[in-house]
Amino acid sequence: EAQVTQNPRYLITVTGKKLTVTCSQNMNHEYMSWYRQDPGLGLRQIYYSMNVEVTDKGDVPEGYKVSRKEKRNFPLILESPSPNQTSLYFCASSFESWGTEAFFGQGTRLTVV
Amino acid sequence: EDQVTQSPEALRLQEGESSSLNCSYTVSGLRGLFWYRQDPGKGPEFLFTLYSAGEEKEKERLKATLTKKESFLHITAPKPEDSATYLCAVQALIIQGAQKLVFGQGTRLTINP
């Protein structure tokens with residue numbers, strides 16, 4: 001089954017404790033991205049990757065890191081999480097950068113206390 | 001600045017009562033407009049892509065249309081299972097070869113039996 005898999009689905013952590021949210025897709029997609037979804041603000045892009053070893057910032061990259069060492073995986077790293085990073089996070093992938101629909105993961109609900 | 005505005009924010013209908021959701025946008029060089037459905041606690045699920053003014057797409061009780069400034073999602077004789085948040089997104093150019101999806105806030109649709 002074609003899918004984007006995120007882990008964990010739920011995470012509660014403390015301020016400053018490094019964490020990684022994993023994302024994997026099995027569709028051989030070139031383009032992957034991370035979004036956060038907040039009430040009243042909608043979905044906003046954090047980082048994107050056009051291919052292996054090619055990543056760049058989206059609209060809200062502060063406090064986040066990503067890497068793309070393999071085509072299928074695109075982890076999101078929070079080196080020192082803060083409460084304002086409490087949010088619902090989605091990973092997405094698409095076959096190409098333009099004109100093709102994005103497939104979204106199930107989401108990771110992160111709470112930073 | 002690229003912007004997507006959806007209206008209404010919330011809509012409550014009776015089963016069988018047809019209506020339309022609106023998505024107005026300002027983006028430099030539209031490359032695609034997407035409609036997604038999002039159920040509570042889940043990732044957005046792709047519905048339609050529209051590329052040019054005058055284009056229409058249909059799927060079951062849903063029909064999406066596109067003009068130069070807005071898109072409509074028409075829902076005909078809806079059922080309770082159509083209850084969800086409907087998201088509109090446009091592709092915007094970041095740099096040559098790279099794009100991002102700019103999302104609207106969504107319309108939360110509730111269909112009462």
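Side-chain atoms are counted along with the backbone in the values below, which use heavy atoms only and exclude waters and symmetry mates. Chain naming here is simple, since letters A, B, ... match the order of the sequence lines and numbering starts at 1 in each.
Through chains of ILVMFWY side-chain contacts below 4.5 Å, A:Met27 is grouped with A:Val4, A:Phe103. With side-chain heavy atoms closer than 4.5 Å counting as contact, directly or through intermediates, the hydrophobic cluster containing A:Met32 also holds A:Leu11, A:Leu19, A:Val21, A:Trp34, A:Ile46, A:Tyr47, A:Val60, A:Tyr64, A:Val66, A:Phe74, A:Leu76, A:Leu78, A:Tyr89, A:Leu110, A:Val112.
Contact annotation for B:Tyr36: only side-chain heavy atoms (C-beta onward) come within less than 4.5 Å of a heavy atom of chain A. Looking at B:Leu101, the atoms closer than 4.5 Å to chain A (heavy atoms on both sides) sit in the backbone and in the side chain alike. For chain B, no part of A:Arg44 is nearby; none of its heavy atoms comes within less than 4.5 Å. For a residue to count as touching a neighbouring chain, one of its non-hydrogen atoms must lie under 4.5 Å from one of that chain's; by this rule A:Ala92 does not touch chain B.
Each of A:Gly105, A:Ala102, A:Gly42, A:Gly107 has some count of heavy-atom pairs under 4.5 Å with chain B, and the biggest count is that of A:Ala102. Ranked by heavy-atom pairs shorter than 4.5 Å toward chain A, the options B:Glu9, B:Gln38, B:Glu45 are led by B:Gln38.
In the model, A:Asn51 has a side-chain atom that pairs as donor or acceptor with a side-chain atom of A:Glu30 under 3.5 Å. A side-chain N or O of B:His74 and one of B:Ser20 form a donor-acceptor pair less than 3.5 Å apart. Donor-acceptor pairing under 3.5 Å is lacking for the side chains of A:Glu101 and B:Thr49.
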